[in-house]
Amino acid sequence: MSQSKIMLNRRSLLSAGAAGVSSLVLAGCDTFDFLGEGESKVRSVLEKANDLTYRAQRLLIRNGALATEYSETEIRQGQRPNGSTDPQTAEYLALKSNSFADYRLSITGLVERPRSYSLAELRNMPSRTQITRHDCVEGWSCIAKWTGTQLSRVLDEAGVKPNARFVVFHCYDIYDESDPAAYYESCDLIDARHPQTILAYGLNGQSLPVANGAPIRVRIERALGYKQPKYVHTIELADSFSRFGLGKGGYWEDRGYDWYAGI
């Protein structure tokens with residue numbers, strides 16, 4: 001069964017109204033920007049719908065259920081770059097100029113043993129390669145082969161504290177020059193420990209290109225594309241989102257998108 005049919009089947013179990021308004025957020029619509037006095041009520045309904053979607057999908061999808069994997073013959077094109085494709089922050093430009101030899105990925109927050117990894121160290125860990133479909137909120141999809149180390153491995157090495165609930169990814173890119181907020185994203189520990197959630201450093205048999213998120217991009221294969229951040233430099237374990245951005249769990253979530261965005 002195709003991913004789109006699976007998603008429709010899952011959402012059919014929700015009430016029509018809740019599923020409908022939730023899908024508007026997933027589509028990135030600005031429909032509610034002009035609702036005036038009714039906007040807060042609409043957004044309240046959306047938040048409840050998103051929570052219902054999350055809970056329903058958590059009941060329907062057993063924690064070990066895998067996203068569909070494909071054969072190499074089904075890779076029809078290169079992975080389409082999207083969003084920010086060439087960060088211009090001084091720190092990122094310096095790393096890129098040296099082919100990321102000085103890059104470090106930090107594991108911080110609610111962990112017993114904060115860690116820091118070079119790109120070479122991540123590449124030398126046991127890796128996972130998977131051919132999966134990237135589903136973008138804009139409506140397009142693309143099948144590609146991703147290689148990286150499982151996120152669960154570095155979390156285990158750092159030792160996640162019992163009060164940690166979320167994994168927050170901090171990135172080098174600033175999506176909109178008119179908005180100085182650095183890109184960030186997050187997931188819960190269930191998705192973080194999923195076997196297909198990897199810190200990808202390879203794409204279609206080559207090193208991950210800058211346009212697709214080099215040196216490290218997170219792949220959370222049971223979620224829409226905006227949940228899979230690029231240019232990641234820090235992974236922070238946290239018990240809430242209150243300290244990050246506007247407290248919604250991600251750059252786009254702070255602007256009205258669904259936090260879970262599961263498929």
Student: Considering only NZ, NE, NH1 and NH2 on the basic side and carboxylate oxygens on the acidic side, decide whether D86 and K96 come within less than 4.0 Å.
Tutor: yes
Student: Rounded to the nearest 0.5 Å, what separation is found between the NE2 atom of H194 and the CG atom of L189?
Tutor: 14.0 Å
Student: Mark yes or no for whether E121, through its side chain, and S118, through its backbone, hold a donor-acceptor pair below 3.5 Å.
Tutor: yes
Student: Let me confirm one number: the NZ-OG distance from K248 to S242, rounded to the nearest 0.5 Å.
Tutor: 12.0 Å
Student: Between Q77 and C142, is any pair of side-chain heavy atoms under 4.5 Å apart?
Tutor: yes
Student: If only side-chain N and O atoms count, and only distance matters, is there a donor-acceptor pair under 3.5 Å linking T147 with T129?
Tutor: yes
Student: Parallel, tilted or perpendicular: which one describes the rings of Y92 and Y231, with boundaries at 30° and 60°?
Tutor: perpendicular
Student: Could you check whether T108 and S106, counting side-chain N and O atoms only, form a donor-acceptor pair closer than 3.5 Å?
Tutor: no
Student: Can you find a pair of side-chain heavy atoms, one from L105 and one from V232, that are under 4.5 Å apart?
Tutor: yes
Student: Counting C-beta onward and ignoring hydrogens, is there a side-chain heavy-atom pair between W146 and Y201 closer than 4.5 Å?
Tutor: no
Student: Between C187 and I220, what is the shortest heavy-atom contact and its length?
Tutor: CB-CD1, 3.8 Å
Student: To check you understand the geometry: which heavy-atom pair defines the closest contact between A200 and L208, and what is its length?
Tutor: O-CD2, 3.5 Å
Student: Assess whether salt bridge (Lys or Arg N to Asp or Glu O under 4.0 Å) is satisfied between D239 and K161, documenting all intermediate values.
Tutor: CA-CA 10 Å; D239 58 0; K161 290 184 177 181; over 6 Å; no
Student: Closest approach of I198 and P195, non-hydrogen atoms and distance?
Tutor: CG2-O, 4.3 Å
Student: With ring pair (Phe, Tyr, Trp, His ring centres under 6.0 Å) as the test, pick out the partner of Y226 among F169, Y183, Y257.
Tutor: Y257
Student: Would you say the side chain of T132 lies within less than 4.5 Å of the side chain of I143, judging by non-hydrogen atoms?
Tutor: no
Student: What closest approach, in Å, do Y260 and D191 show between heavy atoms, and which atom pair accounts for it?
Tutor: CE1-OD2, 3.7 Å
Student: Indicate yes or no for a side-chain donor-acceptor contact from S84 to the backbone of P87 under 3.5 Å, with no hydrogens or angles considered.
Tutor: no
Student: Between D254 and Y184, is any side-chain donor less than 3.5 angstrom from a side-chain acceptor?
Tutor: yes
Student: Can you tell which of E221, R219, E69 makes a side chain to side chain donor-acceptor pair (under 3.5 Å) with Q130?
Tutor: E221
Student: If you take all heavy atoms of S186 and G249, which pair is closest and at what distance?
Tutor: OG-O, 2.5 Å
Student: Thinking salt bridges, do D102 and R104 make one under a 4.0 Å N-O criterion?
Tutor: no
Student: Any chance you could measure L122, atom CG, to R153, atom CZ, to the nearest 0.5 Å?
Tutor: 11.5 Å
Student: Would you find a donor on one side and an acceptor on the other, under 3.5 Å apart, between the side chain of N98 and the backbone of F100?
Tutor: no
Student: Yes or no on salt bridge (Lys or Arg N to Asp or Glu O under 4.0 Å) for E253 and K227, after CA distance, side-chain angles and deciding distance?
Tutor: CA-CA 10 Å; E253 290 86 332; K227 295 297 295 183; 2.9 Å; yes
Student: Are R243 and F241 in a cation-pi setup, meaning NZ or CZ lies under 6.0 angstrom from the ring centre and within 45 degrees of the ring axis?
Tutor: no
Student: Pair Y251, E185 - check side-chain contact (heavy atoms from CB on, under 4.5 Å), show working.
Tutor: CA-CA 6 Å; Y251 177 89; E185 194 43 83; 5.9 Å; no
Student: Can you tell me how far OH of Y103 sits from CD1 of I216, rounded to the nearest 0.5 angstrom?
Tutor: 5.0 Å
Student: Atom OG1 in T68, atom CD in Q196: separation rounded to 0.5 Å?
Tutor: 8.5 Å
Student: Do you see a donor-acceptor pair shorter than 3.5 Å between the side chains of Y117 and E157?
Tutor: yes
Student: Might you point out which heavy atoms bring A211 and P81 nearest each other, and give the distance in Å?
Tutor: O-CB, 3.7 Å
